[in-house]
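Just so we're on the same page: letters track the sequence lines, and every chain starts at 1.
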There are 2 protein chains.
Amino acid sequence: MARTQGSHSGITGPRIRAAALRLFAQHGYAAVSMRQIAKEVGVQAGALYNYTPDKQSLLFRLMETHMRELLAAWAQEGASGDALAQLKSFVCFHIRFHMERPDAVFIAYMELRNLNEENFVGIEALRRRYEDALEQILKDGVASGCFRIPDTKIATLAVIAMLNGVMTWYRSGGRLSLEEVEGVYWEMVRKAVGG
Amino acid sequence: MARTQGSHSGITGPRIRAAALRLFAQHGYAAVSMRQIAKEVGVQAGALYNYTPDKQSLLFRLMETHMRELLAAWAQEGASGDALAQLKSFVCFHIRFHMERPDAVFIAYMELRNLNEENFVGIEALRRRYEDALEQILKDGVASGCFRIPDTKIATLAVIAMLNGVMTWYRSGGRLSLEEVEGVYWEMVRKAVGG
DNA sequence: GTCTATAGATCGATAGAC
DNA sequence: GTCTATCGATCTATAGAC
């Protein structure tokens, strides 16, 4: 069946999301207009509304997709061994996964306040599931005497905050390779939890 | 000399900056209009331009004031003793200072991309001075054999990132007092640097 | 120093042709 | 599915009265 006028083989949707991802990360959701997104894709602004009911849904879909990919990738990683080995897996996984998606990471952390209430609750639930995965490792390690941690909840948030800091400064091709960065951070995390 | 009509004893300027600080932190710079700021202060939008040449300058002033207050407060702290004692001073100071100004902290980290290039360079220089203060402590500690750190630059950024994480979850009146939080974080930082 | 009023631009979203 | 055209709202910033 022949496509109608103007069709681009169904790739416009992904291109819209890619453009929005880049522009939202660079300038912020509120500072980017639908016209800017359309221009980057090469269509008129009205055409965007064939792919998203509104701007808010476009933001939410980007954030939800990122969080679900994160959870799926960690589940796939299938960390095994004792708590120390699992924590090392988590640290390296987190750094690697996030470094591959700097724009999505940036949006997922910076644009929470631009979500409406319903969407905010949904994203927070997904983030909570990821934090819980790390906290379970820390709890297991405390139970087995592998770690010395006064408060696993705080330690969970502290480790994630520390690891997220990588993205504010790391640039590939810089002084250190990604493997070296993973090694340095793993060493700090390992010592911080008393492993 | 009698004041002219509508004067409010010269307090309108501070009230504008206070309103902008709160609104920028809550909704983001790009999402807040000059009319909203004016409404919160209780004046008309045009009156704001007696106190700032434009919206961009208003943002810059808030960020610059925050960074200069941070540097001045740390200088005033006058940390002394060996590197370990100085690091403990830094950790407690950082948590305390930042918890007292959540809105300013939020803006200083989230609105960098909304600064024009000249203003961005200025804020980054101030932030760099603060990071250098911490890195010097870490370097001193490494030189005196007090710390074991493979890379003081990364450790500096990791420590600050970890400490900044406090603000994403801590609420006064919660499970832990600020002193307890400082204690938990200090313990993690101390161990992470091998002190 | 604040007001009202407005210039001039841009926004999100929709309607209807093709 | 994309286009052109546009509605109605909102924005920053300015001008001039008081």
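Atom NZ of B/K191 has more than 12 heavy atoms from other residues, nucleotides or ligands within 6.0 Å. For CZ of B/R61, the number of neighbouring non-hydrogen atoms (other residues, nucleotides, ligands) closer than 6.0 Å is 12 at most.
Judged purely by atom type and a 3.5 angstrom limit, B/K55 uses its side chain to pair as donor or acceptor with the backbone of B/Y29.
Look at B/Y51 and you won't find any side-chain N or O under 4.0 angstrom from OP1 or OP2 of C/dG1. In terms of phosphate contacts, A/T12 brings a side-chain nitrogen or oxygen within less than 4.0 Å of OP1 or OP2 of D/dT2.
Between B/Q26 and A/R113, the closest heavy-atom pair is O-CD, 3.6 Å. Across every non-hydrogen atom of B/R127 and B/M67, the tightest pair is CA-CE, 3.4 Å.
Residue whose closest nucleotide on DNA chain C sits further toward the 5' end, between A/G46 and A/S33: A/S33. Across the interface with DNA chain C, nearest-nucleotide mapping of A/Q36 and A/P53 shows A/Q36 to be the residue nearer the 5′ end.
Among the nucleotides D/dG1, D/dA13, C/dA13, the one closest to any side-chain atom of B/D54 is D/dA13. Nearest nucleotide to the side chain of B/K55, out of C/dA13, D/dC3, D/dA13: D/dA13. Distances from the side chain of A/R35 to the nucleotides C/dT2, C/dG12, D/dT2 place C/dG12 closest.
Residue contacts for B/V41: at a heavy-atom cut-off of 4.0 Å it reaches no nucleic acid atom on any strand shown.
As a whole-Å value, the separation of B/Y49 OH from D/dG16 C1' is 17 Å. What separates CD of B/Q44 from P of D/dA13 is a distance of 17 Å, to the nearest Å. Look at NZ on A/K39: it is 18 Å from C1' on D/dC3, rounded to the nearest Å. Atom CG of A/L23 and atom P of C/dC11 are 12 Å apart (whole Å). When rounded to the nearest whole Å, the span between CD of B/Q56 and P of D/dC11 equals 18 Å. As rounded to whole Å, 13 Å separates atom P of C/dC11 from atom CG of A/L48. Protein atom CD1 of A/I37 is 11 Å distant from nucleotide atom C1' of C/dG12, rounded to whole Å. We find that CG of A/L58 is positioned 10 Å from P of C/dA13, with the value rounded to whole Å.
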